[in-house]
Amino acid sequence: MNKSPVTVKGYVAAVPQDDRQARVAVVQDDVEYRVLPRGAGVDLADEVSAPVEVTGLVEEAEDVCYLTVRGYKVLEDDSWLEE
């Protein structure tokens, strides 16, 4: 599968655990990026509802976007939504 580097700004949301063990997703512009529980992605489970900027690699499988998080930061506010 092809993995592409991305930067995603959105909110962390809890999702039902799936086959790949994803428990949270980052939602940006109605696109849900399910976070794989590896590396920095493990820590995002503690940031539900927080606005974040996440960098990592995305891959699509069965019409679902999965994100391997390389790094993230919690944003102080959500003013970027107005951009």
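Positions are given from 1, in the same order as the sequence printed here.
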Gap separating the OG1 atom of Thr68 from the CD atom of Glu59, nearest 0.5 angstrom: 6.0 Å
Salt bridge (Lys or Arg N to Asp or Glu O under 4.0 Å): pairs with one or both residues in residues 29-41, sequence neighbours excluded: Asp18-Arg34, Glu32-Arg34
Shared-cluster residues of Val42, by chain and number - hydrophobic side chains joined below 4.5 Å: none
Is any side-chain heavy atom of [Y] closer than 4.5 Å to one of [X]?
X     : Y     : value
Val6  : Leu57 : no
Leu67 : Leu36 : no
Tyr33 : Val58 : yes

Derivation of the side-chain contact (heavy atoms from CB on, under 4.5 Å) call for Tyr66 and Glu60: CA-CA 6 Å; Tyr66 289 97; Glu60 193 170 333; over 6 Å; no
Set of side-chain contact (heavy atoms from CB on, under 4.5 Å) partners for Glu53, sequence neighbours left out: Thr7, Lys9, Lys73, Leu75
All side-chain contact (heavy atoms from CB on, under 4.5 Å) counterparts of Ala40, not counting sequence neighbours: Val69, Tyr72
By side-chain hydrogen bond (donor to acceptor under 3.5 Å, both in side chains) - contacts of Glu47 (at least two apart): none
Which heavy atom of [X] sits nearest a heavy atom of [Y], and at what distance?
X     : Y     : value
Pro37 : Gln21 : CG-O, 3.5 Å
Ala50 : Val74 : CB-CG1, 4.3 Å
Val15 : Ala25 : CG1-CB, 3.8 Å

Cluster link Val31 to Val64, ILVMFWY, side chain under 4.5 Å: no
